[in-house]
Amino acid sequence: MTGVAILQPAVALAAWTMVMWFWLYGSRISSFGKVDPEELIDDPHVSLDHVLPPQVEWKAHNYRHLLQDPVIFYAISLTLAFLRLGDGLNTQVAWAYVVFRVLHSIVQTTFNQMVPRFALYALSSFCLMFLVARAALAMF
């Protein structure tokens, strides 16, 4: 079928999100022995961010990030595929988006330095803006 190649990077990003889910819960479960559940129940101002090591919670933060902007990516990928515009440059930019998001995940979940993390986020955002613009031009 013509125009649906863009769905491959969309599925790849969804698969990466599931990898992050397993990494998140694997690291949290191994840290739960250090948490007093009563502290979480008794004080509504205490969250897992306050009681688990930052390296564990970086994975949770990244998982949440993978459920934010990528939602737009999934919608635009489906729109471009529906319009039969999901091949060529659009697919290449979609793959670039996925690569930048995966690299962003690796940076955030391992050493979490702001400058490379922001650069990767910005690059992925520009890819997403490009795809949105292409879909908007086709629709309107």
Side-chain angles (χ1 to χ4, degrees):
M1 288 187 0
T2 303
V4 297
I6 199 165
L7 298 179
Q8 290 176 332
V11 170
L13 187 59
W16 176 253
T17 302
M18 296 301 95
V19 168
M20 287 306 306
W21 184 91
F22 280 106
W23 196 7
L24 155 65
Y25 283 100
S27 63
R28 273 191 173 173
I29 289 170
S30 67
S31 296
F32 277 157
K34 305 168 190 161
V35 175
D36 177 8
E38 295 302 318
E39 184 179 359
L40 293 170
I41 294 169
D42 294 339
D43 187 349
H45 298 99
V46 174
S47 69
L48 288 175
D49 276 333
H50 296 104
V51 295
L52 289 178
Q55 293 80 359
V56 171
E57 286 306 281
W58 292 343
K59 292 158 189 69
H61 298 164
N62 185 260
Y63 181 73
R64 282 193 299 270
H65 293 164
L66 288 170
L67 300 176
Q68 294 170 348
D69 288 1
V71 170
I72 299 167
F73 173 72
Y74 297 130
I76 289 302
S77 295
L78 288 170
T79 300
L80 289 167
F82 177 76
L83 295 172
R84 297 179 186 242
L85 298 172
D87 291 328
L89 182 60
N90 289 339
T91 298
Q92 292 169 351
V93 172
W95 275 116
Y97 178 80
V98 171
V99 168
F100 290 136
R101 290 307 305 216
V102 169
L103 291 173
H104 175 271
S105 291
I106 291 167
V107 168
Q108 184 173 20
T109 57
T110 56
F111 60 94
N112 203 18
Q113 293 296 309
M114 185 59 69
V115 172
R117 201 176 120 200
F118 176 75
L120 291 164
Y121 175 75
L123 289 168
S124 72
S125 295
F126 294 139
C127 291
L128 187 55
M129 289 175 206
F130 176 85
L131 293 171
V132 169
R134 298 277 291 215
L137 287 172
M139 291 297 298
F140 303 104

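Since we're looking at a predicted model, the values are computed, not measured.
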Atom [atom1] of [X] and atom [atom2] of [Y]: how far apart are they, to the nearest 0.5 Å?
X: M114; Y: Q108; atom1: CE; atom2: CD; result: 8.5 Å
X: Y74; Y: L7; atom1: OH; atom2: CG; result: 12.0 Å
X: I106; Y: N112; atom1: CD1; atom2: CG; result: 13.5 Å

Review point. Knowing that exactly one of S77, P70, S125 qualifies, which makes a side chain to side chain contact (heavy atoms under 4.5 Å, CB included) with Y97?
Key: P70
Within-4.5 Å side-chain heavy-atom neighbours: [X] and [Y]:
X: M129; Y: V132; answer: no
X: L85; Y: R134; answer: no
X: M20; Y: T109; answer: yes
X: N62; Y: H104; answer: yes
X: R117; Y: H65; answer: yes

Transitive ILVMFWY cluster of [X], excluding itself - 4.5 Å side-chain cut-off:
X: L137; value: none
X: V71; value: none
X: V107; value: V99, F100, L103, F111, L120, L123

Point to revise | Sequence-distant partners of S27, side chain to side chain contact (heavy atoms under 4.5 Å, CB included), two or more places apart | key: V56, K59
**Study point:** Residues that A94 engages under side chain to side chain contact (heavy atoms under 4.5 Å, CB included), provided they are two or more places apart
**Key:** I6, P9, F73, L131
Point to revise | Set of residues satisfying ring pair (Phe, Tyr, Trp, His ring centres under 6.0 Å) with respect to Y25, sequence neighbours excluded | key: W21
Neighbour count above 12 (heavy atom, 6.0 Å) for [X] [atom1]:
X: R84; atom1: CZ; value: no
X: F82; atom1: CZ; value: no
X: Y121; atom1: OH; value: no

Review point. Yes or no on side chain to side chain contact (heavy atoms under 4.5 Å, CB included) for L80 and D87, after CA distance, side-chain angles and deciding distance?
Key: CA-CA 9 Å; L80 289 167; D87 291 328; over 6 Å; no
For a quick test of reading the model, state the closest non-hydrogen atom pair linking [X] to [Y] and the distance between them.
X: N90; Y: F130; value: OD1-CE2, 3.9 Å
X: L66; Y: W16; value: CD1-CD1, 3.9 Å
X: I76; Y: A135; value: CD1-CB, 4.0 Å

Point to revise | Main-chain N/O of G86 paired with T91 side-chain donor or acceptor, under 3.5 Å | key: yes
Indicate if [X] and [Y] have the same hydrophobic cluster label, given that clusters are the connected sets of ILVMFWY residues with side-chain heavy-atom separations under 4.5 angstrom.
X: M139; Y: V93; value: yes
X: V11; Y: V19; value: no
X: W58; Y: I29; value: no

